[in-house]
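Reading through the structure tokens given below for one structure.
Just the heavy atoms: all of them, side chains too, but no hydrogens, waters or symmetry mates, feed the values below.
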Amino acid sequence: MKTRIYTVMLLAGILFSCGDDFLDRTPVSNTTADAYYKTSDDMVNAVNAIYSKVAGSGQYGANYLQLMEYRSDNVKNNNPGAGGGVLYQFETFTDVPSNSTLSATWLSMYQTVYAANIVIGRIDGVTFKDASLKARLLGEAYFLRALTYFHFVRLWGKVPLVLTEVSIEESAKIKRSPVAAVYQAIETDLDSAIKKLPDTYSTADLGRATSIAAKSLLGKVYLYEGKYPEAQTILAQVIATATSSGIPQLLTNVKDVFSISNEMNKEIIFAIRYLKGNANTDHANWYNSGDSDTDLSAITAAYSPTDKRKDLMALQGSGSNKCPLKLYETPISNRQGTDFPVLRYADVLLMMAEVLNSQSYDANGLAFTYLNNVRTRAGLTAYTSADLPDQASFRKAVWTERRLELALECDRWFDLVRTGQAINAMATVGYTIHPYQYLYPIPQKQIDIVGSDVLDQNDNY
């Protein structure tokens, strides 16, 4: 019984059928894997199912915002009763292994991995008339699995690394892999995705992973690993594509990047797509600001009065359902369809600026160019070597710019941790934290199912 429950908790997949619209995510009931994966259309639906899990409330639909942004110094949760108190734990660094949101996120992420593994493991058994479609679907599965494990390793550190379909008995024996092994698997998946994915899509498929998205994500992975030469090489490819083709590109007006009428614009490299008006394709209000809920005063105060990005923090809506302009559209019954930006060209430029400076400081060199491209777009004065005279001051300026540019996009907490700023940054908003809290506790439900000899707990939890 325990092994069967563990498989459900760790690896269970959910199938969705999709019609012509990529955003149509209507569930299919009572479908088994062996009976389903027979045709190329089945494989298209199987890949769409992976996107559906990533878009769900266990991940980008809700929980990632709590685990990655509320955790930081950008956003404050002032409601101790939110989610029965489990969400407030992330705000106050009092999270415990029994936290139900952690368990739900872990489950959703392994469902994503399971769905990707099905595609990767079974696609060769399906006949395709269009070889490019087969390659693309495989590339999408690799990309989404890599993205999921990138979140896994940053949220929990060592995690079970499951790269194939496994039996019930096998699943109950999978121990946590070292962090280095998880990162290696992510790199391998993204290398495969880059080779198989197209650079662009037609309108109907906007939102699917591209080779540019895979390169951008790989650049971020290398940055987190401190592999600066490798990060420079892959990010340079993205910038070269942007220079030659205009895709991606930095939009002139930062507000246009987040306009509900301009979604999937040329600055968006990869986003999680939503569509208002359908329970399977929309989401609840993000960063909902009621009388005692979300407080954006800390990030709002970080902007100078002339910074055009400050307006994106302004609350929209009325009553107890006000949300920041950056991720807002007029809701229907408190449900919205705004896309969530995962990778943007502004992020690529800031990563490249950091990577170049991390290898050597160059007064007024390309690192300054990339940093200032983002900074001046926001209406701020360009930096010179007189402002940032050395490597340390430049590094700090990039980190500050990342906070301002990528606010509310689930980067801040991870940036604080990887750059060693977390303890000091959280002290400024009233929290004394310790290094072990850079990672979350492993959900106790998982440990109870298979035993601590298979799935051990993170330190001090």
Short question: side chain of Glu263, backbone of Asp339 - any donor-acceptor pair under 3.5 Å? yes

Derivation and outcome, side chain to side chain contact (heavy atoms under 4.5 Å, CB included), residues Leu406 and Arg412: CA-CA 8 Å; Leu406 304 174; Arg412 179 59 176 171; over 6 Å; no

For Glu165 and Asn117: C-alpha separation, side-chain torsions, deciding distance, then whether side chain to side chain donor-acceptor pair (under 3.5 Å) applies. CA-CA 6 Å; Glu165 286 187 75; Asn117 287 346; over 6 Å; no

Answer whether the closest heavy-atom distance between the side chains of Phe143 and Thr210 falls below 4.5 Å. no

If you compare all heavy atoms of Leu408 against all heavy atoms of Glu69, which two are closest, and at what distance to 0.1 Å? N-OE2, 3.2 Å

Just verifying a value: how many Å separate Gln336 CD and Leu275 CG, rounded to the nearest 0.5 Å? 13.0 Å

For residues Leu371 and Ala353, report the shortest heavy-atom separation together with the two atoms involved. N-CB, 4.0 Å

CG-CD distance between Leu223 and Glu225, expressed to the nearest 0.5 angstrom: 10.0 Å

Which pair of non-hydrogen atoms, one from Gln316 and one from Pro324, has the smallest distance, and what is that distance? CG-C, 4.5 Å

For the residue pair Leu235 and Tyr222, establish whether any side-chain heavy-atom pair is separated by less than 4.5 Å. no

Leu350 vs Tyr370, side chain to side chain contact (heavy atoms under 4.5 Å, CB included): CA-CA, chis, key distance, verdict: CA-CA 6 Å; Leu350 291 175; Tyr370 297 137; over 6 Å; no

Strictly below 4.0 Å, N to O, side chains only: are Lys175 and Asp456 in salt-bridge contact? no

Polar side-chain atom of Gln66 near backbone of Phe90 as donor-acceptor pair, under 3.5 Å: no

Is any side-chain N of the basic residue among Arg309 and Glu401 closer than 4.0 Å to the acidic one's carboxylate O? yes

Assess, by modelled atom type and distance only, whether the side chains of Gln111 and Lys53 contain a donor and an acceptor separated by less than 3.5 Å. yes

Side-chain heavy atoms of Val75 within contact of Tyr287, under 4.5 Å: yes

Check the side chains of Gln59 and Thr112 for a donor-acceptor pair under 3.5 angstrom, ignoring hydrogens and angles. yes

Can you confirm whether the side chains of Tyr461 and Gln444 place a donor and an acceptor under 3.5 Å from each other? no

So, taking the atom named NZ in Lys326 and the one named OG in Ser259, what distance separates them when rounded to the nearest 0.5 Å? 14.5 Å

The side-chain contact (heavy atoms from CB on, under 4.5 Å) partner of Lys76 among Asn79, Asn78, Asn74 is Asn78

Nearest 0.5 Å, please: how far is CG in Leu87 from OG in Ser100? 7.5 Å

Return yes if some donor-acceptor pair links the side-chain N/O of Ser108 with the main-chain N/O of Ala104 below 3.5 Å, else return no. no

NZ/NE/NH1/NH2 to OD/OE distance under 4.0 Å, Glu354 and Arg395: no

Do Lys445 and Asp448 sit within salt-bridge range, that is, some charged N less than 4.0 Å from a carboxylate O? no

For the atom pair CG (Leu312) and OG1 (Thr300), what is the distance rounded to the nearest 0.5 Å? 10.5 Å

Side chains of His283 and Thr338: any donor to acceptor distance under 3.5 Å? yes

I want to check something: taking the side chain as every heavy atom from C-beta on, are Glu187 and Lys227 in contact at a cut-off of under 4.5 Å? yes

Give the minimum heavy-atom separation between Arg145 and Ala116, together with the two atoms involved. CB-CB, 3.9 Å

Below 6.0 angstrom between ring centroids: does that apply to Tyr328 and Phe258? no

Does the separation of the ring centres of Tyr70 and Trp413 fall below 6.0 angstrom? no

Can we say Arg403 and Asp415 salt-bridge, meaning some charged N sits less than 4.0 Å from an Asp/Glu carboxylate O? no

Begin from the C-alpha positions of Trp106 and Val159 and carry the test side chain to side chain contact (heavy atoms under 4.5 Å, CB included) through to its verdict. CA-CA 10 Å; Trp106 177 282; Val159 292; 4.2 Å; yes

For Met264 against Ala271, the heavy-atom pair lying closest together: SD-CB, 4.0 Å

Is there side-chain contact between Tyr142 and Leu197, with at least one heavy-atom pair below 4.5 Å? no

Before you tell me yes or no, could you show the steps for Ile423 and Tyr438 under side chain to side chain contact (heavy atoms under 4.5 Å, CB included), namely the whole-Å CA-CA distance, both residues' side-chain angles and the distance that decides it to 0.1 Å? CA-CA 9 Å; Ile423 290 175; Tyr438 296 168; 3.4 Å; yes

Return yes if some donor-acceptor pair links the side-chain N/O of Asn357 with the main-chain N/O of Phe394 below 3.5 Å, else return no. no

Does any part of the side chain of Leu155, heavy atoms only, come nearer than 4.5 Å to the side chain of Leu439, both counted from C-beta? no

Which one of Asn321, Asp282, Asn288 satisfies the side chain to side chain donor-acceptor pair (under 3.5 Å) criterion with Asn334? Asn321

Less than 3.5 Å apart, any donor N or O on the side chain of Asn63 or Thr101 sitting next to an acceptor on the other? no

Do the two ring centres, one from Tyr224 and one from Phe150, sit under 6.0 Å apart? yes

Is Arg122 positioned over the aromatic face of Tyr37, cation under 6.0 angstrom from the ring centre and no more than 45 degrees off axis? no

How far does CZ of Arg154 sit from SG of Cys410, to the nearest 0.5 angstrom? 9.0 Å

Show the atom names and distances, to 0.1 Å, of all donor-acceptor pairs under 3.5 Å that link a side chain in residues 341-348 to residues at least two apart or in another chain.
from	atom 1	to	atom 2	distance (Å)
Arg344	NE	Glu409	OE1	3.0
Arg344	NE	Glu409	OE2	3.4
Arg344	NH1	Glu267	OE2	2.7
Arg344	NH1	Glu405	OE2	2.9
Arg344	NH2	Glu405	O	2.8
Arg344	NH2	Glu405	OE2	3.1
Arg344	NH2	Glu409	OE2	2.8
Asp347	OD1	Arg402	NH1	2.8
Asp347	OD1	Arg402	NH2	3.3
Asp347	OD2	Lys220	NZ	2.6

Taking the six-membered ring where the residue is Trp, are the ring centres of Phe340 and Tyr60 under 6.0 Å apart? yes

Taking Ser192 for the side chain and Thr188 for the main chain, is one N or O donor matched with an acceptor at less than 3.5 Å? yes

Can we say Arg136 and Glu140 salt-bridge, meaning some charged N sits less than 4.0 Å from an Asp/Glu carboxylate O? yes

Please check if any side-chain donor atom of Arg71 sits under 3.5 Å from a side-chain acceptor atom of Asn77, or the reverse. no

Can the ring centres of Trp286 and Tyr274 be said to be less than 6.0 Å apart? yes

Are the side chain of Asn458 and the backbone N or O of Tyr440 linked by a donor-acceptor pair below 3.5 Å? yes

Any side-chain heavy atom of Ile234 sitting closer than 4.5 Å to one from Val238? no

Salt-bridge present (Lys215, Asp191; N to O < 4.0 Å): no

Indicate yes or no: at least one non-hydrogen side-chain atom of Ser177 is less than 4.5 angstrom from one of Lys158. no

Note: Met313 and Ala407 closest approach over all heavy atoms is CE-CB, 4.2 Å

